[in-house]
2 protein chains.
Amino acid sequence: MTIRQPREGGRARSGGRPTLEEVAARAGVGRGTVSRVINGSPRVSETTRAAVEAAVAELGYVPNTAARALAANRTDAIALVVPEPEGRFFAEPYFSDIIHGVGVALADTEVQLLLTFASKDRERRRLAQYLAAQRVDGVLLVSVHANDPLPDLIDDLHIPAVVSGRRSATEPLASVDTDNFEGARAAIAHLVERGRTRIATITGILDVYGAQRRLDGYRAALSAAGIEEDEALVEPGDFSEEGGRRAMAELLRRRPDLDAVFAASDVMASGARQILREQGRRIPDDVSLVGFDDSAIARHMDPPLTSVRQPIEQMGREMTRLLLAEIAAIDAHRPQTSRLLSREQVVLPTQLVIRSSS
Amino acid sequence: MTIRQPREGGRARSGGRPTLEEVAARAGVGRGTVSRVINGSPRVSETTRAAVEAAVAELGYVPNTAARALAANRTDAIALVVPEPEGRFFAEPYFSDIIHGVGVALADTEVQLLLTFASKDRERRRLAQYLAAQRVDGVLLVSVHANDPLPDLIDDLHIPAVVSGRRSATEPLASVDTDNFEGARAAIAHLVERGRTRIATITGILDVYGAQRRLDGYRAALSAAGIEEDEALVEPGDFSEEGGRRAMAELLRRRPDLDAVFAASDVMASGARQILREQGRRIPDDVSLVGFDDSAIARHMDPPLTSVRQPIEQMGREMTRLLLAEIAAIDAHRPQTSRLLSREQVVLPTQLVIRSSS
DNA sequence: ATCACACCTGGGAGCGCTCCCGCCGTACCT
DNA sequence: AGGTACGGCGGGAGCGCTCCCAGGTGTGAT
């Protein structure tokens, strides 16, 4: 007969960290009780709780997340998935604000945020694997294009998810979006009020639903003002500065008499401004310029840019709130209960910030 | 006698994902064999391997990371800890490049990168908890100040860690750094060569070791050139644009006759340039300007900025390489083996990129 | 034909936790 | 006094995996 040696508690790295059982022994209680204290269950007497807490403090006990995840089937982590290359991620203040909002919403929870990039196809596949391996309880998806298969894939995996910016009018996932239509409409109405009549627009990438909605708002406002549409005044951009320059040059070529430009992003407005300057147009005397996002660029532009503010940080907060709610809902569900997830669609208002460019 | 119902496989969320056991049954082999195949062990016959792989594919099996982490005591994840507020993180191209390098080094591993911010004290504590909970196998620390307790804390936890930028000449942790001294020395030597003699410097935050080294290099180069030191030509900045402006103004006030400025970062150089312009100094005719980092700012400045390039992406790669090596080393160690971690110190060379500002 | 040895393989034990069943004791009712 | 709740608690079972031992099978040497 062979006596098996106990396995030496995993790898050397475990470094002899205390376990639940050790805390229980120290406090003179059972494992279950310690677990209840750790998880804040009310079904523990005050005295016992105090004893356990003392033992936890003395031993410097920290629950092992892997064990907890395995036993409870939850990870207390959510992922923010960015389907863009790192470069763009860092370039756009948008992401910084979103993350900040998420951070705020997570501040008084125990939930950890993971950042994941998934621009290339290979990374996509890895991400799918990652999610299937149940490493997170839910997913926040930002900057999703209309034809991106990722959201549906995530949905198929039955992983709670919230997207920022609907992909279409009938977004099947829970989403948080800003009122792009109304924001654009207000911007144009403002230009009309200023007496502008030949108002051009540089659109975003139109397979992004929000960009499409901004264009819709532009059109609606013109028609409401009784101004006839003119396709020569609409030029697609790609949300980049270079795209803004290109589109602006093209618009000026086609309609040298334009008297206002609505760019679907501040970055594009900045590009447009360069071209206007180069061609000797004064802003706002000759041409009014309005952007979208109200980013730092808008405030620092010369002249300061009128822009449509999106409450991006709030979007981050809302997304997180929705996601945590979805996760909680699933947790509460027993299999027999019918699955009526909210799939809430939140639309946040925009606000026109008027500066001297218009 | 009561028959206990089996526990229904955790929560509803588990969504009936296949387990190792199910794959084993399907392939007609034992658990151990499937595990070996999944982990690429060579001790499996070709036929068996094929059968298992088929079963894995059919069932769409993905190993559960929590279970694996618990059993093997490793998570296959590392954390990049940024002890700065999100804002600065996004503002500095530095981080973007580091992350890119890390991504490259991780590309053909199964290791996942987590991004963590820990600027405020509260976040620090949470981070410590997080790390103690063994959620990552190791930590990359960037942008560490000399007096930051975080690294030592992490070291006490016996978690493998690599810092970017030593905190002192005798950094106890493994580290990757650039040769700040030599970079600064070369920049000054270049200015001397250009015939400049009254060379000022705007330093970084001097409790950052790298900033101190740049100042040391500045001094060494001057003394090597036989130029007498003049403390009126040294003004501390804080790595910000505003700090650069402030320091430049102060330098011009004290020494209106200066003929060159070496700024310890491109951002500060950009601030300095504004003040030089405002005061009517021509660059480089009246004053030569040199920066540090060779960031995008340097290339886009008017005139383009001479700057010391740091191989930041390579730093990210090196850091990751060191960290993975440390983790592997610990993994291989049995407790009885003495702990001789390398604690390697890598110093990467810098390169002076000469443009028209000098 | 026998033995030694390699190579594969199955499955027990255990990682540290959560969940839940059922026991114990006390307080309250009849 | 006995019965009945109920809050508090202990500990068994199990989450899905890895590790490792022992056993089986096949090969080549004796």
Side-chain angles (χ1 to χ4, degrees), chain A residues 1-11 13-14 16-25 27-49 51-52 59 61-76 133-135 331 334, chain B residues 1-11 13-14 16-25 27-49 51-52 61-76 132-135 331 334:
Chain A
M1 165 179 149
T2 321
I3 303 288
R4 173 90 53 93
Q5 290 291 323
R7 241 216 288 152
E8 162 57 51
R11 299 300 179 59
R13 182 164 6 123
S14 86
R17 292 204 177 98
T19 69
L20 238 207
E21 197 107 32
E22 285 163 38
V23 175
V29 301
R31 262 185 6 265
T33 304
V34 177
S35 176
R36 271 180 289 259
V37 172
I38 299 290
N39 293 292
S41 155
R43 322 178 116 291
V44 185
S45 74
E46 247 348 288
T47 12
T48 313
R49 179 183 307 278
V52 171
L59 263 36
Y61 170 76
V62 176
N64 178 315
T65 5
R68 177 177 274 181
L70 181 58
N73 199 38
R74 78 193 143 81
T75 63
D76 288 330
Q134 320 206 43
R135 290 177 82 136
D331 250 9
R334 300 293 88 175
Chain B
M1 169 179 154
T2 320
I3 304 288
R4 175 91 53 92
Q5 290 292 323
R7 243 215 289 149
E8 162 57 51
R11 301 299 179 60
R13 179 156 15 115
S14 86
R17 291 202 177 101
T19 70
L20 239 206
E21 196 107 29
E22 286 163 37
V23 175
V29 300
R31 262 182 9 261
T33 304
V34 177
S35 176
R36 273 179 288 260
V37 172
I38 299 290
N39 293 292
S41 156
R43 323 180 113 291
V44 184
S45 74
E46 246 349 287
T47 16
T48 312
R49 180 183 307 277
V52 171
Y61 170 76
V62 176
N64 178 316
T65 4
R68 175 177 277 180
L70 181 59
N73 199 38
R74 78 190 142 81
T75 62
D76 288 331
Q134 319 205 46
R135 290 178 83 136
D331 250 9
R334 297 293 89 173

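Lettering of chains follows the sequences in order, A, B, ..., and the numbering in each one begins at 1.
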Closest heavy-atom pair and its distance - [X], [Y]:
| X | Y | result |
| --- | --- | --- |
| B:Asn73 | B:Gln134 | OD1-OE1, 3.6 Å |
| A:Glu22 | A:Pro18 | OE1-CA, 3.3 Å |
| A:Ala133 | B:Pro63 | CB-O, 3.5 Å |
| A:Ala69 | B:Ala66 | CB-CB, 3.6 Å |
| B:Asn64 | B:Ala67 | OD1-N, 3.1 Å |
| A:Thr19 | A:Tyr61 | C-CE1, 3.6 Å |

side-chain N/O [X] vs [N] OP1/OP2, d < 4.0 Å:
| X | N | value |
| --- | --- | --- |
| A:Ser45 | D:dG8 | no |
| A:Ser35 | C:dC17 | no |
| A:Asn39 | C:dT18 | yes |
| A:Thr33 | D:dC9 | no |

Whole angstroms only, please: what is the [atom1]-[atom2] distance between [X] and [N]?
| X | N | atom1 | atom2 | value |
| --- | --- | --- | --- | --- |
| B:Asn64 | C:dC15 | CG | P | 18 Å |
| A:Glu21 | C:dT18 | CD | C1' | 13 Å |
| B:Arg17 | D:dG16 | CZ | C1' | 14 Å |
| A:Arg74 | C:dT18 | CZ | P | 7 Å |
| A:Arg36 | C:dC19 | CZ | C1' | 10 Å |
| B:Glu22 | D:dC15 | CD | P | 11 Å |
| B:Ile38 | D:dC19 | CD1 | P | 13 Å |
| B:Leu70 | D:dT18 | CG | C1' | 10 Å |

Looking at every strand, decide which applies to A:Arg68 at a 4.0 Å heavy-atom threshold: base, sugar-phosphate, or nothing.
sugar-phosphate
What's B:Thr48 touching, base or sugar-phosphate or nothing? Going by heavy atoms closer than 4.0 Å.
sugar-phosphate
What's the closest nucleotide to the side chain of B:Arg31 if the choices are C:dG11, C:dG10, C:dC17?
C:dG11
Per atom distances to the A:Ala72 side chain, the nearest of C:dC19, D:dC15, C:dT9 is C:dC19
Just verifying a value: how many Å separate B:Thr33 OG1 and B:Ile38 CD1, rounded to the nearest 0.5 Å?
11.5 Å
Just how far is it from atom CZ of B:Arg135 to atom CZ of A:Arg135, taken to the nearest 0.5 Å?
10.5 Å
Most 5' of B:Arg43 and A:Val62 on DNA chain C, judged by nearest nucleotide
B:Arg43
Counting primed atoms plus P, OP1 and OP2 as sugar-phosphate and everything else as base, spell out the protein contacts along nucleotides 23-28 of chain C at 4.0 Å heavy-atom distance: B, S or - for each nucleotide, 5' to 3'.
------
Is there side-chain contact between A:Asn39 and A:Arg68, with heavy atoms separated by less than 4.5 Å?
yes
Are the side chains of B:Arg36 and B:Val52 in touch, meaning some heavy atoms are under 4.5 Å apart?
no
Assign each of A:Pro42 and A:Gly32 the nucleotide of DNA chain D bearing its closest heavy atom; nearer the 5' end lies the nucleotide of A:Pro42
Tell me the bend of the helix from C:dA1-D:dT30 to C:dT30-D:dA1 as the angle between end helix axes, each from five pairs, rounded to the nearest 10 degrees.
50°
Looking at A:Arg49 and D:dG8, is any side-chain donor or acceptor paired with a base atom of the opposite kind under 3.5 Å?
no
